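Report on the following structure.
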There are 2 protein chains.
Amino acid sequence: MQKKEYTKLMDNATATHQARLFKALMHPVRIQILELLRGGEQCVCHLEAYLDLRQAYVSQQLAVLRKAGLVSDRRDGPNSYYQIARPELLQLLDLARTMVCPEGSTLAKHRVTCPCPRCNPSRDEAIQTRILKLKEELPC
Amino acid sequence: MQKKEYTKLMDNATATHQARLFKALMHPVRIQILELLRGGEQCVCHLEAYLDLRQAYVSQQLAVLRKAGLVSDRRDGPNSYYQIARPELLQLLDLARTMVCPEGSTLAKHRVTCPCPRCNPSRDEAIQTRILKLKEELPC
DNA sequence: TTAGTATATTCCTTTTTTTGCATATTGCAA
DNA sequence: TTGCAATATGCAAAAAAAGGAATATACTAA
């Protein structure tokens with residue numbers, strides 16, 4: 001039997017890192033979160049409303065994505081905003097989608113009530129103007 | 001709070017299928033198998049030798065890839081040959097590798113002894129000629 | 001300080017994967 | 001048929017992930 005010298009195509013460490021990346025993506029909710037982040041950063045309550053999931057659960061899934069280095073977070077007052085940290089992720093998701101979803105499935109519509117500042121600019125604005133008004137009324 | 005009509009970016013079914021694809025790829029051994037299949041089909045004993053893993057274990061991992069529709073198999077005599085069924089997979093793996101492995105890691109060399117017919121053409125040939133010789137010696 | 005909103009984490013149970021081991025199957029030749 | 005080589009499958013224990021529930025933290029406003 002022939003004994004051959006063989007240069008490995010890939011070392012174990014790389015394969016393990018790659019597997020870790022796929023592991024972070026192997027969950028439907030995490031994929032949907034990344035899809036929602038496609039258009040830019042979103043706060044947790046927005047994801048919660050749009051996916052119709054409990055807050056703690058969304059936070060757990062975000063923690064998995066964060067620990068895998070796939071998303072980054074930023075605090076703004078009471079809200080946390082998450083965004084995609086690796087733009088190549090979107091290519092990866094696009095490629096995966098073409099592989100599993102050949103037929104253009106029709107996307108469902110549904111109603112959401114999201115409490116986040118971005119979804120409620122008027123409400124936020126109203127609060128801000130009321131605050132300003134009150135401040136003006138105060139004696140210096 | 002505003003109530004908005006929202007067209008889902010992705011239906012649950014698609015996300016689930018995508019997750020299933022990533023699930024099949026979330027294992028280092030399966031990734032290494034796919035890398036070995038990059039150059040074309042290989043038999044099980046070849047993978048076994050090149051990855052230095054037990055036969056039953058390689059077969060199990062191949063079964064996962066097969067059930068996910070990522071590889072196809074073909075029987076040729078006593079050997080089973082596997083090949084990549086979805087060429088887009090290679091793109092996916094390439095993209096994933098660039099994401100996790102920025103520094104060009106040096107690939108290790110190692111010696112393998114593979115018993116498969118392709119790795120031992122001379123041995124196979126020798127057997128074949130011996131068979132032919134024996135047949136000639138037989139009285140019709 | 002207290003209360004309320006937004007978010008994160010910890011603990012625990014259930015389910016799914018992993019992995020080793022034994023065994024079954026298949027194809028071929030004697 | 002028997003025996004052997006190559007491959008596949010079934011089973012069980014260990015490890016990991018999923019998901020629910022309670023709780024902790026952070027910030028803001030009163």
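Basis for what follows: all heavy atoms, side chains included, without hydrogens, waters or symmetry-related copies. Bear in mind that the values here come from a model prediction, so they are computed numbers and not experimental data. We name chains A, B, ... by the order of the sequence lines, and we start the count at 1 in each one.
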List the residues meeting side chain to side chain donor-acceptor pair (under 3.5 Å) with [X], not counting sequence neighbours, and say none if there are none.
X	answer
A:Ser80	none
A:Gln60	none
B:Lys23	none

- prompt: Partners of A:Asp76 by side chain to side chain contact (heavy atoms under 4.5 Å, CB included), sequence neighbours excluded?
  reply: A:Arg74, A:Tyr81
message: Just to verify, what does B:Leu53 make a side chain to side chain contact (heavy atoms under 4.5 Å, CB included) with, not counting sequence neighbours?
response: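 For B:Leu53, the residues satisfying side chain to side chain contact (heavy atoms under 4.5 Å, CB included) (neighbours in sequence not counted) are B:Val29, B:Leu51, B:Tyr57, B:Val58.
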statement: In 5'-to-3' order, the base (B), backbone-only (S) or no-contact (-) status of each nucleotide in nucleotides 7-12 of chain C, using a 4.0 angstrom heavy-atom cut-off, is BBBB--
message: B:Arg54: which residues meet the salt bridge (charged side-chain N to carboxylate O under 4.0 Å, His left out) condition with it, sequence neighbours left out?
response: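 By the salt bridge (charged side-chain N to carboxylate O under 4.0 Å, His left out) rule, B:Arg54 matches no residue at all.
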task: Could you pull out all residues at least two apart from A:Arg86 that satisfy salt bridge (charged side-chain N to carboxylate O under 4.0 Å, His left out)?
output: A:Glu88
Grab the [atom1]-[atom2] distance between [X] and [N] for me, whole Å please.
X	N	atom1	atom2	answer
A:Ile31	D:dA18	CD1	P	12 Å
B:Arg54	C:dT18	CZ	P	14 Å
B:Arg74	D:dA6	CZ	C1'	15 Å

field: Residues which pass ring pair (Phe, Tyr, Trp, His ring centres under 6.0 Å) with A:Tyr6, listed by chain and number, not counting sequence neighbours
entry: B:Tyr50, B:His110
- request: Residues of residues 20-28 of chain A with any non-hydrogen atom less than 4.0 angstrom from an atom of DNA chain D: list those, numerically ordered, please.
  value: A:Lys23, A:Met26, A:His27
message: Test: ring pair (Phe, Tyr, Trp, His ring centres under 6.0 Å). Region: residues 15-40 of chain A. Which pairs qualify, not counting sequence neighbours?
response: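 Passing the test, one end in residues 15-40 of chain A: A:Phe22-B:Phe22.
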task: In plain terms, say whether A:Arg118 and A:Glu41 are close enough for a salt bridge, that is, a side-chain N and a carboxylate O under 4.0 Å apart.
output: yes
message: Expected output is a numbered-order residue list: members of residues 33-40 of chain A with a heavy atom under 4.0 Å from any atom of DNA chain C. What is it?
response: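 Those residues whose heavy atoms fall under 4.0 Å from DNA chain C, taken from residues 33-40 of chain A, amount to none.
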message: Side-chain N or O of B:Arg30 versus OP1/OP2 of C:dT18: is the shortest distance under 4.0 Å?
response: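 It does, given that an N or O in the side chain of B:Arg30 lies less than 4.0 Å from OP1 or OP2 of C:dT18.
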